[in-house]
Amino acid sequence: MDNRLMQIHLFHQYYDNGVLQNMHLQPDHATQIFLDRYRLKARQTQGVYELYYFGSSAVGAFAQSLSRLLDERPLVFNLLGNDDNFAIISDLPVNWCGQLHYSSQHIKSPIEPDQPVELLMQLISKTIVPVSVVGQIAVYPQDLLSDDGNPRRPLFSIRMKARSTHWHYYVVNRSQLKLTNLAVNNAQGIEFGAPEPVTLRNGEQALLFRSGEHSFAFSETVKAPFNLVNFMPVESDQPRYSRSSAKQLITGLPIPKTDVLTIEMHDGHQYVYSPMYVYL
């Protein structure tokens, strides 16, 4: 007989396998006391938390009595992490310093039999002192039962999006290469704006390529790398950027570091970009 009460799966868009890394769930103090008293045990692997019942009565009878035993309070689990870059790689306000809150009563869509239940993120003020506690997940006992009062053994899921930023490439020609028409593009046909001459803080001259209206989500590894291309002069009757005239200078430009963000105000709105430096 399956004595599992529920599962919680943690996902994050940043990671290649889609599973949230460097995080785990831990019952808060009151919930841990309850789990110990009624012989509830957790099994946890990367991105998956499962709660099982090992008491003497049937799991169905126990699940039906949970609301009374908990006085309708939820089971609360702290989301603990040791990744200093979590708030940067995640789609959170750049100036936010609160905590995350998820609840089985705040879900993306109505509960369907045998279907995962996605919990929606809520941003609240920081109420828990330990810095390692990123947020909390509250699971209400009535949400563990089906409409007919039987254990539903739900699979709750949390899906976090990765932060998107605009990209800026600063190209410094230290080798004094003879360049004509530089461009930054990729195989998907995305091309950065025309280069702008700028002076870096150290006094060096550089060409700045902006991604313009395009922004890109942080990712563990590059998905669609950009290249630095030099287009040689062409005949007047040929397109300005003729494929036959293109020379790849760098294949696979660097992707942003997750600990480097620059924030500017543009027309009263925050403009967040990732600066990257390329040396020739």
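Owing to the predicted nature of the structure, the values given are computational and were not obtained by experimental measurement. Start at 1 with the first residue, then count along the sequence.
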Trainee: Give every residue pair that meets the ring-ring contact (aromatic ring centres under 6.0 Å, His included) criterion with at least one member in residues 173-208, sequence neighbours excluded.
Mentor: Y169-F192, F192-F226
Trainee: Under the salt bridge (Lys or Arg N to Asp or Glu O under 4.0 Å) test, which residues partner K223, sequence neighbours left out?
Mentor: D16
Trainee: Suppose clustering is done on Ile, Leu, Val, Met, Phe, Trp and Tyr with side-chain heavy atoms closer than 4.5 Å. Which residues sit in the same group as Y170?
Mentor: V172, V198, L200, L208, Y271, Y273, Y277, Y279
Trainee: Scan side-chain atoms only and decide if E204 and T199 contain a donor-acceptor pair under the 3.5 Å cut-off.
Mentor: no
Trainee: Would you kindly say whether Q26 and H24 are connected by a side-chain donor-acceptor distance under 3.5 Å?
Mentor: no
Trainee: Apart from V76 itself, what residues make up its hydrophobic cluster, given side-chain heavy atom links below 4.5 Å?
Mentor: none
Trainee: Do the side chain of Q122 and the main chain of L120 share a donor and acceptor less than 3.5 angstrom apart?
Mentor: no
Trainee: For the residue pair D91 and S164, confirm or rule out a side-chain donor-acceptor distance under 3.5 Å.
Mentor: no
Trainee: Nearest 0.5 angstrom please: F34 CZ to L40 CG, how far?
Mentor: 6.0 Å
Trainee: Answer yes or no: are there more than 12 heavy-atom neighbours, outside E264 itself, under 6.0 Å from its atom CD?
Mentor: yes
Trainee: Might you point out which heavy atoms bring K161 and H12 nearest each other, and give the distance in Å?
Mentor: O-CE1, 3.8 Å
Trainee: Minimum heavy-atom separation for F218 to A162, with atom names?
Mentor: O-CB, 3.4 Å
Trainee: Donor-acceptor pair, N85 side chain versus I89 backbone, under 3.5 Å?
Mentor: no
Trainee: Checking the side chain of T251 only, and the main-chain atoms of N227 only, is there a donor and an acceptor separated by less than 3.5 Å?
Mentor: no
Trainee: List, by chain and number, the other hydrophobic cluster members for L145, where Ile, Leu, Val, Met, Phe, Trp and Tyr join if side-chain heavy atoms come within less than 4.5 Å, directly or indirectly.
Mentor: none
Trainee: Taking transitive links into account, so neighbours of neighbours count too, which hydrophobic residues share a cluster with F11 at under 4.5 Å side-chain distance?
Mentor: none
Trainee: Applying ring-ring contact (aromatic ring centres under 6.0 Å, His included) as the test, list every pair that has at least one member in residues 66-95; sequence neighbours left out.
Mentor: Y49-F77
Trainee: Using the test side-chain hydrogen bond (donor to acceptor under 3.5 Å, both in side chains), find all partners of Q136 that sit at least two apart in sequence or belong to another chain.
Mentor: N78
Trainee: Once side-chain hydrogen bond (donor to acceptor under 3.5 Å, both in side chains) is applied, do any residues pair with D36, and if so which ones, sequence neighbours excluded?
Mentor: Q32
Trainee: Below 4.5 Å, heavy atoms only, C-beta onward: do I88 and Y14 meet side chain to side chain?
Mentor: no
Trainee: According to side-chain hydrogen bond (donor to acceptor under 3.5 Å, both in side chains), who are the partners of D148, at least two apart in sequence or on a separate chain?
Mentor: S146, N150
Trainee: Shortest non-hydrogen contact from V48 to Q7?
Mentor: CG1-OE1, 4.4 Å
Trainee: Only pairs under 3.5 Å count here: list side-chain donor-acceptor contacts from residues 98-106, not counting sequence neighbours, and write none if there are none.
Mentor:
{"unit_1": "Q99", "atom_1": "OE1", "unit_2": "T127", "atom_2": "N", "d": "3.0"}
{"unit_1": "Q99", "atom_1": "OE1", "unit_2": "I128", "atom_2": "N", "d": "3.3"}
{"unit_1": "Q99", "atom_1": "NE2", "unit_2": "T127", "atom_2": "OG1", "d": "3.2"}
{"unit_1": "S103", "atom_1": "OG", "unit_2": "Q105", "atom_2": "N", "d": "3.0"}
{"unit_1": "S104", "atom_1": "OG", "unit_2": "Y140", "atom_2": "N", "d": "2.9"}
{"unit_1": "S104", "atom_1": "OG", "unit_2": "D143", "atom_2": "OD2", "d": "2.6"}

Trainee: If the plane angle is over 60° it's perpendicular, under 30° parallel, otherwise tilted; pick one for F216 and H214.
Mentor: parallel
Trainee: For A87, does its backbone N or O pair with a side-chain atom of S90 as donor and acceptor, under 3.5 Å?
Mentor: no
Trainee: For R159, which residues count as a side-chain hydrogen bond (donor to acceptor under 3.5 Å, both in side chains) partner, sequence neighbours excluded?
Mentor: none
